[in-house]
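Structure record follows, encoded as structure tokens.
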There are 2 protein chains.
Amino acid sequence: MIKTVAIQGVKGSFHHIVSQQYFGDQIIVKDCLTFDEAVHSLITGKTDAVVMALENSIAGSIIPNYALIDHHNLHIVGEHYLDVQHHLMALPNQSIDDIFEVYSHPMALLQCKEFFRKHSRIKLIEDKDTAEVAQRIQNKSLKGVAAIASKLASEIFELNIISESIQTIKHNETRFVIVKRENHEIPEEEINKASIKFELEHKRGSLATLLNVMSDCKLNLTKIQSLPKIETPWKYAFFVDVTFNDYEDYKKAKSIIEIMSEAFKILGEYKNTK
Amino acid sequence: MIKTVAIQGVKGSFHHIVSQQYFGDQIIVKDCLTFDEAVHSLITGKTDAVVMALENSIAGSIIPNYALIDHHNLHIVGEHYLDVQHHLMALPNQSIDDIFEVYSHPMALLQCKEFFRKHSRIKLIEDKDTAEVAQRIQNKSLKGVAAIASKLASEIFELNIISESIQTIKHNETRFVIVKRENHEIPEEEINKASIKFELEHKRGSLATLLNVMSDCKLNLTKIQSLPKIETPWKYAFFVDVTFNDYEDYKKAKSIIEIMSEAFKILGEYKNTK
């Protein structure tokens with residue numbers, strides 16, 4: 001039973017919203033200012049799970065978060081999709097012309113790049129969290145400063161939304177995952193998605209052969225990405241997501257891939273929610 | 001014959017270094033503050049080529065640059081690898097304890113994240129270019145402010161390097177590409193690498209079948225990435241790089257892939273420099 005969940009952000013952050021939608025209101029949420037801090041709280045047993053953004057429509061995969069899961073041998077036990085709408089907000093009675101600085105999370109700044117091209121005099125400053133900036137603007141009554149954050153954050157911290165949905169891609173879905181220390185806890189028959197990682201010899205056709213195995217075992221590929229190996233630039237590992245109807249099919253594929261590839265690793269086995 | 005090359009950055013930037021290494025000293029370099037501006041100068045005929053970072057060891061692919069090449073139907077005509085070493089620099093006689101703000105390009109900030117974890121009181125601020133900050137510190141004699149930039153930038157703008165090679169990954173290779181309006185200009189027999197894009201029906205084994213064709217045609221896969229289609233979240237396109245010994249093999253594969261996939265597109269045919 002999950003009791004305490006670590007999130008990157010404070011109340012009103014997108015991770016907070018996901019933790020509420022996924023776990024309901026009965027959990028204790030531990031605010032962390034970075035993903036590293038959230039993962040640290042999980043590893044040291046201070047929390048039971050971490051909610052973590054993993055993929056979005058503009059930046060693709062959030063590679064540093066993949067690296068955190070992989071490096072600490074953590075497990076993805078669930079996924080959740082959220083349509084992330086970024087709003088520009090400030091103290092009441094401030095208009096866009098009053099704003100000279102916007103603080104937000106780097107990913108939010110990246111997703112709203114187009115909007116700020118029309119307001120190039122506004123300085124964009126990286127910050128730890130979207131909602132924490134909203135909180136700071138309220139606490140310190142900061143004029144001339146705006147946050148990019150969720151509608152919930154504007155409500156909690158009583159800020160005025162200057163401009164709605166300023167992200168470049170209007171339907172801006174982000175994939176979050178639930179990460180724990182141990183592997184899956186749901187019954188095998190409910191598992192129909194897995195995230196795996198493997199490395200291959202740089203030999204012609206080696207990836208094709210492996211994908212053939214997956215296809216023969218009735219696995220559907222929903223994501224594939226070759227990635228440079230840290231400290232061994234341009235040697236690649238593969239991160240792959242697969243869905244399936246029958247856990248037995250997946251088990252069969254798994255045992256073959258394990259033999260055919262190097263450094264095979266299961267990042268998570270969970271329920272597909274897409 | 002290339003005469004004018006657009007780069008993201010000013011003199012002393014990593015793109016400037018790549019443009020010199022690739023084209024030599026006889027070209028005119030046009031400084032642009034964004035990749036968009038560089039691409040715009042190419043499209044409108046003000047420049048003959050653009051130098052563009054495309055991949056690095058921490059963030060993986062720089063997806064927004066892939067999108068620029070794809071969206072404007074530009075062509076990759078060459079590639080160049082640079083070992084990017086980031087140095088922290090400020091006015092002479094400033095030590096790390098004097099610094100309270102660091103301005104740099106978002107990618108440089110990301111690559112040096114670990115270093116600044118030990119100096120959490122320093123505010124990190126996104127800026128347009130690494131070297132342009134170095135220039136500004138010199139021009140305005142800014143105290144308390146540091147730049148993250150190349151050794152060349154510290155020499156040009158007479159700044160003192162406070163801390164050398166502060167990026168997390170010490171051997172930090174970045175892949176740059178040379179982009180033009182028209183397709184390749186070198187003879188077919190010299191071409192041994194290609195970047196292609198295609199979409200596939202979400203049908204089991206469709207990617208495996210396509211990779212089999214590539215393997216049968218003696219193509220080596222050096223990169224594969226599934227990517228969400230802009231404005232159609234979670235429908236994926238594939239970006240693939242292949243190398244080959246014989247252009248005829250590639251031509252054969254190309255004609256088959258064109259039939260078997262949707263929206264097939266060649267992003268570039270060029271010489272492998274790895």
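So that the names make sense, note that chain A is the first sequence line, chain B the second, and so on, each numbered from 1. Everything numeric in this text was worked out from a predicted model, so none of it was measured.
Heavy-atom neighbours of A:H40 NE2 from other residues, nucleotides or ligands within 6.0 Å: at or below the threshold of 12. For A:N245, the CG atom is loosely surrounded, since the number of other residues' heavy atoms within 6.0 Å does not exceed 12. Within 6.0 Å of the NZ atom in B:K128, the count of heavy atoms belonging to other residues, nucleotides or ligands does not exceed 12. Counting heavy atoms of neighbouring residues, nucleotides and ligands inside a 6.0 Å radius, atom NE2 of A:H119 exceeds 12 of them.
Side-chain atoms of B:S226 come within 3.5 Å of backbone N or O of A:I224 as a donor-acceptor pair.
When heavy atoms are compared at a cutoff of 4.5 Å, B:L109 approaches chain A solely by way of its side chain, counted from C-beta outward. Interface remark: B:D36 contributes side-chain atoms only to the contact with chain A (heavy atom separation under 4.5 Å). Interface residue A:K218: backbone and side-chain heavy atoms are both found under 4.5 Å from chain B. Of the atoms belonging to B:F239, not a single heavy atom falls under 4.5 Å from chain A. Both the backbone and the side chain of A:T222 come within less than 4.5 Å of a heavy atom of chain B. Heavy atoms closer than 4.5 Å to chain A are found nowhere in B:S206, neither backbone nor side chain.
Of all the heavy atoms in B:I125 and A:L124, the pair that sits closest is CG2-O, 4.0 Å. Taking each heavy atom of A:G205 and B:S215 in turn, the nearest pair found is CA-OG, 3.3 Å.
The CZ atom of A:F238 sits 11.5 Å away from the CD atom of B:Q225 when rounded to the nearest 0.5 Å.
Among the candidates B:T34, B:N212, B:D127, the residue making the largest number of heavy-atom pairs closer than 4.5 Å to chain A is B:N212. If you tally non-hydrogen atom pairs under 4.5 Å between each of B:V213, B:D216, B:N220 and chain A, the highest count goes to B:N220.
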